[in-house]
Amino acid sequence: MLQQLVVKTFQSQVVNWQKEHGRHQLPWQQASNPYRVLVSELMLQQTQVSTVIPYFNRWMLSFPTVEALANATNDQVMAHWQGLGYYARARNLHKAAVYISELGAFPESLDDLLKVPGVGRYTAGAIMSFAYDAYGPIVDGNVRRLYARYFAISGVTNSSAVDKQLWALSEQLTPTENCKSFAQGLLDLGATICKPRQPLCEQCPLALTCQALLQNRVDELPTPKPKKIVPVKDGHFIWLAQDGQVFLQKRPAPGIWASLWSLPQVAADDALLKQATKHGEFVHQFTHYKLNATVWQLDQSHLVKLQQVEEQQPSSWYHKTQLADVGLPAPIRSFIEQQPEFSKPD
DNA sequence: AAGCCGTGGGC
DNA sequence: TGCCCAAGGCT
C-alpha cells in the first residue's frame with residue numbers, strides 16, 4: 001500500500017501540471033459528452049491522436065448521436081473507419097451504439113461500462129474519468145511507461161505479473177476528485193514528457209521523486225518487449241474489372257479485414273489461378289506478419305466460380321465512384337487506385 | 001495466456 | 001531502411 005501523503009502529492013502534481021501544461025483543445029474535449037468520449041476512446045485504442053482527429057471529426061458529422069450510429073448500416077460504419085485499422089473496433093462501436101440505444105441510458109458505472117462491446121478495463125476507466133469526472137483508474141501504454149519509470153518497475157509491462165501490479169497502483173493513485181484532469185494528465189505526461197525515447201525529465205513535475213530518474217535507469221525502463229519474428233504469408237487476389245467497375249467481396253468475420261470489401265482472395269492451390277494471368281503484386285506489412293500479395297486477372301467467364309469462392313460471402317461490382325461508400329483494406333484501395341482506369345480524377 | 005487484429009508516425 | 005510504438009480488446 002502506498003502512503004496517503006505519497007498518493008495525494010502524486011495526484012496534485014499530475015492535476016496541477018495538466019491544468020497548466022496539458023492538452024485542452026482535442027476535438028473530443030470540446031462539447032464533451034459520454035458518446036463523444038466513447039467514440040474517441042475506441043478510435044484511440046492503439047492509434048495516435050494525430051491519426052484519429054480527422055476520423056473523429058468526420059464520424060461526428062455523420063453519426064452525431066448514439067441513435068444515429070445505431071441506425072447506420074455496417075457498410076456506412078466501415079466506410080468511416082476505413083484506413084484506421086483494427087476494424088473489430090468499428091464493429092464493436094456499432095454494436096455498442098445498438099446496445100446503449102436499447103438500454104435507454106448511457107452506462108454510468110465501471111461494471112456497466114465493461115458490458116459494452118469494445119470497452120475493456122482501460123476504456124471503462126477512461127469513460128468514467130472523461131465523461132463523468134468520476135473515479136476511473138486507467139492503465140494504457142502511457143501509464144505503463146510512466147509508472148514503470150516512476151516506481152522503477154522492471155519486467156515487460158504487459159506481462160500478467162507486472163500488469164497486475166500496475167493496475168493495483170492505478171487503483172490506489174487514482175483520485176475521486178479532479179478525476180478528468182488526473183486521467184488526462186497521465187496521458188498528456190506520457191505523450192509529451194515521459195515519452196518512449198528521449199523523455200523530457202527536466203520538464204517533468206514528478207522528476208524529484210521519479211525512481212528511474214533517481215537511479216539513472218530512465219533509458220532502461222520500461223523493460224523492452226521481446227522481439228518476435230514476423231512470418232511471411234502469400235496472398236492471391238483476383239482482378240476482375242470492366243467499364244470502370246471492379247468485382248469485390250465482403251470479407252468474413254472473424255479474420256483479417258473482416259467486414260471490409262476486398263478483391264476476392266483465393267487459396268494458393270485454387271483451380272481458378274490456372275486460368276488467370278498475373279496482373280500485379282504488392283507487399284503489405286502487418287504487425288504480426290508480412291503479406292506478399294499477387295493479383296491475378298480473370299475475365300467475366302469465371303464470375304460464377306468466383307462467387308462460390310467464399311461460401312455465402314456477399315459480392316458485388318463497384319464503380320469507382322462508389323468505392324467511397326464502403327470500407328476497403330488500405331493496401332487494396334491503394335492497389336485499385338493505382339490502376340489507370342480507377343485513378344482518382346473521373 | 002498468448003496470439004490475433006491495421007495502419008501510420010517518427011526516428 | 002527497419003523497427004518501435006500508439007488513450008487495447010477479445011478469444
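Each chain gets a letter, A, B and so on, in the order its sequence line appears, and its residues count up from 1.
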Interatomic distance where OH belongs to A:Y289 and C1' belongs to B:dC4 [whole Å]: 10 Å
A:K164/A:E171 ion pair, N-O < 4.0 Å: no
Sub-4.0 Å heavy-atom contacts from residues 117-146 of chain A onto DNA chain B, ordered by number: none
A:Y289 six-ring face occupied by A:K233 cation (under 6.0 Å, within 45°): yes
Interatomic distance where NZ belongs to A:K227 and P belongs to B:dA2 [whole Å]: 19 Å
Touch class at under 4.0 angstrom, heavy-atom based, for A:P224 against every strand present: nothing
Phosphate-side-chain proximity, A:W257 and B:dT7, N/O vs OP1/OP2 below 4.0 Å: yes
Cation-pi, A:W261 ring and A:R251 (6.0 angstrom, 45 degrees): no
B:dT7 base / A:T287 side chain donor-acceptor hit below 3.5 Å: yes
A:K250/A:D75 salt bridge by N-O under 4.0 Å criterion: yes
Nearest-angstrom distance from the residue atom NE2 of A:H284 to P of B:dG8: 7 Å
Whole-angstrom distance between C:dA7 and B:dG3, as gauged at atom P: 24 Å
Distance flag, aromatic centroids of A:H284 and A:F282, threshold under 6.0 Å: no
Cation-aromatic face contact A:R89/A:Y86, 6.0 Å, 45 degrees: no
Residue-phosphate contact under 4.0 Å: A:Y87 side-chain N/O, B:dT7 OP1/OP2: yes
Distance, C1' atom - from B:dA1 to C:dG9, rounded to whole angstrom: 14 Å
A:H80 ring center near A:F63 ring center (under 6.0 Å): yes
Member of A:D270, A:L248, A:L298, A:V295 meeting the side chain to side chain contact (heavy atoms under 4.5 Å, CB included) criterion with A:I238: A:L298
Residues clustering with A:V218 (ILVMFWY side chains joined when closer than 4.5 Å, directly or via others): A:L213
Sugar-phosphate, base or nothing in reach of A:G190, heavy atoms under 4.0 Å: nothing
Touch class at under 4.0 angstrom, heavy-atom based, for A:P254 against every strand present: nothing
Toward the 5' end of DNA chain C, by each residue's nearest nucleotide, A:V116 or A:R23: A:R23
Pairwise N/O distances under 3.5 Å, protein to nucleotides 9-11 of chain B:
| residue | atom | partner | partner atom | Å |
| --- | --- | --- | --- | --- |
| B:dG9 | O4' | A:Q48 | NE2 | 3.1 |

Sugar-phosphate, base or nothing in reach of A:L187, heavy atoms under 4.0 Å: base
